[in-house]
Every structure is written in structure tokens, then in C-alpha cells.
Amino acid sequence: MNPTTPLPMPDYSKPSGLAPNRELTAEQIAFFHEHGYVTMQSILPLDELPRVRDVYDHLFAEKTGRSEGNQLDLAGTDEDGKPQSLPQILMPAKYAPELLATQMVANIRRVSEQLLGPGAMMCGDHAINKPPRAGAPTPWHQDEAYWDPMKDYRTISIWIPLQPATKENGCMHFVPGSHRLEVLPHQPIGNDPRVHGLEVVPGAFDFSSAVACELPPGGATIHYGRTLHYAPGNRSDDYRRAYIGMGEQKPTSRATLREYPWKRVRMTLRDERAAKAGGIKA
Ligand code: NI
């Protein structure tokens, strides 16, 4: 790719032309609103899974997006050449727009409308590829802690494993009902400002009511922007691949001031690469 011709941002709202073929039941929708998360046994049809997985593995093998800050180590200090403990790609659809033409994405859009109402749009994607036997845990956090503190969000994340998701390889865990909390105090993982990933400040919350959600390949967990979630390290012999699509109703400006000190302290190599490429701080 010629670095002087940057790729356009992906248009997550553009219809793919495919009709959805998976959706939530009324019981699943009610469960989501009560508990702040829900599971689906299938959102990515199995006949499409090998193609999505090929695209996914290629993006990680090439460290696609790294020079723009869109490939990073979520849980490490992320120096070039250092093994990554939790490799992540932001906006994979920017580099592989074919992802947006999949049945999986048609289903993500459908589920977003079911949970957030008419007009809800897909608004982003990312991917976390947890290495075998060495992958770091994704510590407890609320996704909203990463976002703009001066906006109010109605946003969901749809987390899709490309192989089984088990307690052994790092399936998602949720605290039921935590979507009703405010955003808790967070810090960079290990309180190291060089690390991109965030965690709830140790001791700030009791996670003993957490629920583990094992899934078949192509299933999904769906959670709200404030739902507390965690995924353990990967103790299996294979990568734990997860593609995450996001859906939202357009965020609105907040009436009251809110500050996230954890965003101010963070100084990451990812941000340096993004700044050099003319990007934005994530
Ligand atoms: Ni998260």
C-alpha cells in the first residue's frame, strides 16, 4: 500500500445488500435489558466462518494498521519487535472492507436495531487475537471508560469468537446488572501509563457475581457500554480469535462535566504512531 494515499474510514452504516438470517428472540432482548449482556449461539454462520478467519489471520500476520496506531498490544508496552501479550487491531474493516459485506455484519446490524431501536447503526469494529498459552487476561473494565467523557452513549459490543470460546482460552465474563452503574474509576493496566488497555482500579468493585459465557464458534456475547466484563488469559494451544462489531444510537453531548483522569495520564507508543500518521488519540 502506498503510505501517501491513506485508506478512507470504513462506512459501517452502508447496507451490504444481504438480509439478516440471525436475530434475537423476545426473551433474549428482555434478558439483555435486565442484565446488560446476552449470548447468541450463532451470529456468524459456520459456512462463512473460514473466510472471515482467513481475512482475520492475514490482518494479524501482517500487523495491518500498525504504522497508523491501529495495530497495538492492548496489555503491553508495545515496542516494535517485542512479542505482544494481547494483539489488537482497531477498525479491521478499514483494511479488509470485505468484512462489511458479510452475513455476519448483516446480522450485527439487525441485532443492533433489535437492542437499540430503529435507526441504530453499526459504528465500529476491532479484533483481539489472544496468543496460545501466553495470552494475557483482558482485565475488568467498562468500554465507556475508553470513550469521550463529554458524551452520553447508547452503544453495544458484539463479541464473536472464530473458534469455541471457553474458560480455558478466554471466554467473556460479565457482572449481571452492571450496565446500570456509572463509569467506575479506571487506570491503565498495571497502572502503567505506557499501556493502552484499561482496568477498573483494583479494589473499586467486587466481581464475585461474575458469569462466564462459553460459546460455540460464530456465536456471540453482546454487552452494553457500561457492562463490566473480563476475559481470562488463553491457556489453550490455539489462538483465541475474537471479532467485535459495535452498534449505537448516535452519541449525544453531555449536560454535565465528566473527566477521565486515566485518559490524561496515558502516554503510549500507539498514540505516538497515530499522531505521526495524522490520526487521533483513541
Ligand atoms: Ni471491552
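Numbers here are sequence positions counted from 1. As the structure lists them, so they are numbered: ligands from 1, and atoms in each ligand from 1.
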Ring centres of His186 and Tyr260 under 6.0 Å apart?
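For His186 and Tyr260, the ring centres are not under 6.0 Å apart.
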How wide is the angle at the Ni ion (ligand 1) between NE2 in His141 and NE2 in His229, to the nearest 10°?
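Roughly 90°, rounded to 10°.
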Phe31/Thr39 under side chain to side chain contact (heavy atoms under 4.5 Å, CB included): CA gap, chis, key distance, verdict:
CA-CA 9 Å; Phe31 187 98; Thr39 60; over 6 Å; no
Give a yes or no on whether His223 keeps an N, O or S atom under 2.8 Å from the Ni ion (ligand 1).
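His223 does not place any N, O or S atom closer than 2.8 Å to the Ni ion (ligand 1).
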Donor-acceptor contact below 3.5 Å, side chain His223 vs main chain Thr221
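A pair under 3.5 Å: no.
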Given the rule in the ring pair (Phe, Tyr, Trp, His ring centres under 6.0 Å) test, do Tyr224 and Tyr153 qualify, once you have shown the distances and angles that lead to the verdict?
CA-CA 10 Å; Tyr224 210 56; Tyr153 290 92; over 10 Å; no
Which is the closest N/O/S atom of Asp143 when seen from the Ni ion (ligand 1)?
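Going through the N, O and S atoms of Asp143 one by one, OD1 ends up nearest to the Ni ion (ligand 1).
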